[in-house]
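Working notes, beginning with the structure itself.
Small disclaimer: the values here were computed from a predicted structure and weren't measured. Note on naming: letters A, B, ... go to the chains in the order of the sequence lines (proteins, then strands), and numbering restarts at 1 for each one.
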Amino acid sequence: MTKPTLAVWKFASCDGCQLSLLDCEDELLAVAGEVEIAYFLEARRATAEGPYDVSLVEGSVTTEHDAARIREVREQSKTLITIGACATAGGIQALKNYGDLDAFTAAVYASPQYISSLATSTPISAHVPVDYELRGCPISKRQLLEVLTAFLHGRKPTIPSTSVCTECKARGTVCVTVAKGIPCLGPVTHAGCGGLCPAYTRGCFGCFGPMESPNAAALEARLKTLGSDDAAIERLFRTFNVAAFDEVRAK
Amino acid sequence: MLEPGALDALIEALAGRGLRVVGPTVRDGAIVLDELASAADLPTGVGDVQEPGGYRLFERGDGAFFGYAASPHSPKQFLFPASTRLFRARRNGGAAVEFEEPDAPERPLALFVRPCELHAIAVQDRVFLHGQHVDRDYASRRRDAFLVVVECGSPASTCFCTSLGTGPEAEGGYDLALTEVVDGEHRFLARAGSERGAEVLAALPQRPAADADRAAAAEVTAGARDSISRRLDTGDLRGLLERSRESPRWDEVAARCLTCANCTLVCPTCFCSSAEDVTSLDGTESERVRRWDTCFSIDHSYIHGGAIRPSSRARYRQWLTHKFGTWNDQFGVSGCVGCGRCIAWCPVGIDVTEELAALRAAEEVPDADH
Amino acid sequence: MSERTIVTEYLARVEGEGGMRVRIDGDRVADVQLQIYEPPRFFEAFLRGRRFTEAPDITARICGICPVAYQMSSVAAMERICGVEVGGQLRALRRLLYCGEWIESHALHVFMLHAPDFLGYESAIELAQHDAALVARALELKKTGNRVMTVVGGREVHPINVRVGGWYRTPTKRELRELRDPLQRALEESLAAVRLTAGFDFPDYDRDYELVALREPGEYPIDAGRIVSSEGIDIDVSEYEQWFEEEHVPWSNALHSHVIGRGSYLCGPLARFALSFDRLSPVAREAAAEAGLTAAERNPFRSIVVRCVELVEACHEALRLIDAYEEPDAPAVEVEPRAGVGHGCTEAPRGILWHRYAIDGDGTILEAKIVPPTSQNQRAIEEDLRGVVERSLQVPDDRLALLCEQTIRNYDPCISCATHFLKLEVERS
Amino acid sequence: MSALAEPSLAEATVPRPFAVAERRRETADTWTLELEPLGGPALTPLPGQFTMLYAFGIGEVPISVSGRNGERLVQTVRAVGAVTEAICASEPGAVLGVRGPFGNAWPLELAEGRDLVIVAGGIGLAPLHGALEHALNHRERYRGLTLLYGARTPADLLYRVELAELRERGGLQLEVTVDAADEQWRGHVGVVPKLVGRAGFDPRDAIALVVGPEIMMRYAIEALADRGIAADRMFVSMERNMRCGLGHCGHCQLGPTLICRDGPVYSAAAMAELMEVREL
Ligand SMILES: Cc1cc2nc3c(=O)[nH]c(=O)nc-3n(C[C@H](O)[C@H](O)[C@H](O)COP(=O)(O)OP(=O)(O)OC[C@H]3O[C@@H](n4cnc5c(N)ncnc54)[C@H](O)[C@@H]3O)c2cc1C
Ligand code: SF4
Ligand code: SF4
Ligand code: SF4
């Protein structure tokens, strides 16, 4: 039996989600035993030609060149899985979708004329069909392994799309909103981190994007009673999954 | 009667029987249930103030060990843990598959509980033990669990056990019952409810209870009873909910409900679970793991082609209807014991007693809002 | 000899996307470009209008490899603006978290990205087929770094526990004590790594760089210090812009830095090692001595050995911090915003990471500027490429390309950081 | 407090290994498997009951028992998702896990001496097949025996060979319809409930068993009721998500009932009202 081939691609991103694969120290060699890592520049120089059985795509599309490249990746991939908030929601760089690109470029670069960039940062699914979207900024390596294992063995990945609250409760964490009045996005945020922030006495700030049936309006009303003003609420929702939360809140 | 000092002896005695002693302790701004090493871990002098969507600790100033009401944790955490292994399957080359039973649960438990929690355990017993099938994992944890109930003296504003007859006194189903008297001399009235309870009690330093002690203890629970102001009209809730299936109130509450599932997960009786395979990368081993689930998740009602209850309205209705209505049909008891957890730990403070009252009011004045 | 171009379109085993292009005209290197086409992400622009407390979480997203560095430089800057000093155990924990990142990042670079160059493998995956035990030990080492980050910071990538003023929750003594055994093993493994890498074959190449790093009294520089250089710079971090400047070159989405009026400089392990040799713990210093390293080391290819010495240092320091840990009374000190401009500079695994912010009295960020180590090293990398190629003109293209890539990897460049930043093309004529 | 029962092995949550002894393709996406116990006693499910079938490393799903062949369980499975696909792809010799049987059975005794009308849509014939088999094996106990069966197209009909044989054999009034005919199709065209009006049975003394998509069941019941069969003489088999089959997981709630325990077979009288409620 020939091993299935795996390719890892990078678009606009911080590298953290790809790193999560290398961070699976206990499983990395086993993964390399089960799949042929055919294309993974961060880890290896040798590259094999497509097509690939599974492609993991990190990052969002922010340039014309990348918009064309993702179409090539799609053509070469049987299964395309996006990993992380950049690839599934446009990432924090999607904040530029709402601003003036020239002003942004000028803020960072002394010679903005050298920079070519689209006005928007868009998720992979805005360009090509995606088979599975793994959320998180960064993704959870436990979930990454789950998705890979599930795809290898032909089952559905067990990735609940319920609220972060469900993870807090399973972990036995005391709710920070109820017990401390700390503003928390947990009730509208997709599970996956394991209920991390509340376990550190901190409100969730939405790394995994919206959960399956987010009631943002009801949570916003509650945040106000906790003393958050409109600006604070805007900031809270508008970070790594800004585009996804904006969509939910517009409803 | 026991002196407060006897609590250490009690915890030691329980530990001495090989039990993992679990009881209240302060952590992260709440009284939670965790392993106790000694009475020093108890929430000495700490009380709680609860309201819909709110919970705060305060210094009671009286040194009471059990001066709190329902905590964010419940015995469910220990008797029906958030995740358990159902079985392990192994593929030994070729097609052969072997199934293995899971390991027996760790050390048996001794649990400090409140009266409503005793009732909640009894409700879960009906689900896991007294139906057609016995749940092996629950049964083994439950069978060995030593229950110490401490009657309530300081209910929270969210408590409504009196409406459901589940507190503040403990009437049975325990190994050992304690009533903490703080007024005057700090002391505990202790009663054994089982043979092993009697054994444990006999070994503790004590003095016989005088009538005055009994009266003082009765006053504690009577005072608690008086201080409970939340009421639930339990008259024909089953019928009410059945008739209210199409009530507009469901849309109204769905607008507020976050579908976050906190209510079902803190509820000491909710028993829903899902089961999933956790497979090794090489595909030779698989574990079937059971995890807490909730009727607030869309997957809960998923069947091929789509979920049965996609709307928040239908999911909230399922929760309330099951808890207070159809639970009776299924298990012959109410699913609610009046502990108020779902009220306090709902981040937006949705109050089941208020929702039920609203359904009732809508029925009594059907055209009220027209 | 005709013109030839050596091009590596996508550099492998570096963090982020870039390439290189070297144009050779006869026996002269006509042009060298380290090309960084990782798309720009405009963090400095997004930071405007956010609250000062958001900087650690937002800037962490610039780089998944060294998020802690971003968090540390940003909180340092904000605390400076607000006149708050985070000291004692709260600071010790920051150093500990940072040690975790150094261990993870250095182990990743040394074994997974760089060692294959010296051992003749295309990747650690191939290396694992020949020496699985080595790779397994390396992974264990890396994992220990990650464990430190997880315990102190909440998770390995983009930790959640860092805040302006300190932490959301400080670890218990017991949680830290559990890190002792793995760190002790990691220390042993790091010492072995120094011995292993010291035995590699190194190209004979060195240059008289201006080395730039932080330097602190009494401690190896990690989370604080003054900016010093081998050419006599010794300044407060706030004076950085009077000495260093960035320029934008057309072939790169990353900015190039240089010392004003002088030119390129080098930051990172080699610089720290040379400038703070005297601050190393005795174990690390001894290991360095055994490996034949002195403060005068200038061969960039040897930086892999230096990284291993720093692994020793980081493990040793982490153990020291854990042993001295006492649970603090409060996880953070109160920070009230105050209008002003402030700077933060800390030692990311790849070198100094400098931040400057201006905030208003409400704590709103008015301006942000971030200079990551890879930008600072970019010029030095290009000069090294030129130097290496000039010495190896007779080498055929494919091997030359490999040598060029290895040269780049000496720096462990992090392109995600640099663009906020890489591709090799070699053209010969 | 009542004594706590010792859990018994029969109630274990651990499956028993069964080997796929035979596999037949029914339609493009549906297969019938015969499963043989690997050690231990054979199972003796009643018509209408179901088992939880476990595909190694993929998952576990409820599947009705469609009949027995000696020691073997006969189960017909439509591949709609990961687990059912894995089950359908299990070649002879492959091992599946089996728990059960669970649930109640078709009230076949109630039909004795009466007309038995079986109405099935699509894969719905699978849960009814055991009942049909039973009735045919004990033909003398029933008066009339009718099977009304519909599928989307002729290619979607289950048990085609067997149905053809039955038609030959007699003793069964068999009417088959398809929503969309192809060129060879000579039978009825239209939805199953339409067959009800034409079928020959005595509504005052008949028992009807109905399985299909919920919407088909509603219309079939309506048509049967129109013919005059009382609601408590009509039975349906219901479906909900199911994780345990033991009444412990809470997923299969259908109003006041748990399908794995109180069902899957219900009288139409019990279901009529519930089937009207949206998203119950
Ligand atoms: C009592 C009963 C008897 C059944 N008998 C048969 C039969 O004889 N033949 C047959 O082909 N099918 C039958 N089904 C339906 C069968 O169980 C589903 O098609 C199957 O669960 C789909 O699982 P999947 O993983 O392949 O599909 P997916 O759509 O990927 O399902 C994902 C998960 O959802 C759950 N699920 C999805 N659909 C259903 C469903 N309809 N019922 C319960 N859980 C579901 C399962 O847990 C499943 O693992 C029966 C269902 C019930 C409740
Ligand atoms: S429904 Fe609410 S009040 Fe009733 S037992 Fe559950 S959590 Fe307690
Ligand atoms: S209320 Fe919901 S979660 Fe709780 S037992 Fe009922 S169905 Fe399950
Ligand atoms: S009722 Fe409250 S706790 Fe329950 S799901 Fe709705 S918002 Fe969450």
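Under a 3.5 Å cut-off, the side chain of B:Gln124 and the backbone N or O of B:Thr269 do form a donor-acceptor pair. Formation of a donor-acceptor pair under 3.5 Å by the A:Ser161 side chain with backbone atoms of A:Glu212 is not found in this model. Under the 3.5 Å distance criterion, the side-chain polar atoms of A:Gln18 are left unmatched by any main-chain donor or acceptor of A:Trp9. Distance alone, capped at 3.5 Å, places no donor-acceptor pair between the B:Arg291 side chain and the A:Ala170 backbone. B:Thr25 places a side-chain N or O within 3.5 Å of a backbone atom of B:Asp41 that can act as its donor or acceptor partner. Between the B:Asp137 side chain and the B:Leu86 main chain, no donor and acceptor come within less than 3.5 Å of each other. Not a single donor-acceptor pair under 3.5 Å links the side chain of B:Arg288 to the backbone N or O of B:Arg85.
Counting only heavy atoms from C-beta outward, the side chains of B:Ser83 and B:Arg290 never approach each other to under 4.5 Å. Side-chain contact check for A:Ile233 versus A:Lys224: some heavy-atom pair is nearer than 4.5 Å.
Listed in order of number, the residues of residues 43-55 of chain B that approach chain A to under 4.5 Å between heavy atoms are B:Gly53, B:Gly54, B:Tyr55. Within residues 71-81 of chain B, the residues having any heavy atom closer than 4.5 Å to a heavy atom of chain A are B:Pro72, B:His73, B:Gln77, listed by residue number. The contact list for residues 300-315 of chain B toward chain A, using heavy atoms and a distance under 4.5 Å, reads B:Tyr302, B:Arg315 by residue number.
The greatest number of non-hydrogen atom pairs below 4.5 Å with chain A, out of B:Val278, B:Asp277, B:Asp299, is found for B:Asp277. Ranking B:Thr294, B:Thr279, B:Leu57 against chain A, the residue ahead of the rest is B:Thr279, based on heavy-atom pairs under 4.5 Å. Chain B forms the most heavy-atom pairs under 4.5 Å with one residue out of A:Val176, A:Val174, A:Thr162, and that residue is A:Val174. When each of A:Leu145, A:Val178, A:Asn215 is checked for heavy-atom pairs under 4.5 Å with chain B, A:Val178 comes out on top. If you tally non-hydrogen atom pairs under 4.5 Å between each of A:Arg155, A:Met211, A:Lys156 and chain B, the highest count goes to A:Arg155.
Taking the centre and axis of the six-membered ring of B:Tyr68, the NZ or CZ atom of B:Arg114 falls inside the cone set by 45° and 6.0 Å.
Heavy atoms of A:Leu219 lying under 4.5 Å from chain B belong to its backbone as well as its side chain. For a residue to count as touching a neighbouring chain, one of its non-hydrogen atoms must lie under 4.5 Å from one of that chain's; by this rule A:Thr158 touches chain B with the side chain only.
More than 12 heavy-atom neighbours from other residues, nucleotides or ligands sit within 6.0 angstrom of CD on B:Glu35.
A:Phe151 and A:Tyr132 have perpendicular rings, their planes meeting at more than 60° on a 0 to 90° scale where under 30° would count as parallel. Using bins of under 30°, 30° to 60° and over 60° for the plane-to-plane angle, the ring pair B:His322/B:Phe271 lands in the perpendicular bin.
Sequence neighbours left out, not one pair with a member in residues 160-188 of chain A passes salt bridge (charged side-chain N to carboxylate O under 4.0 Å, His left out).
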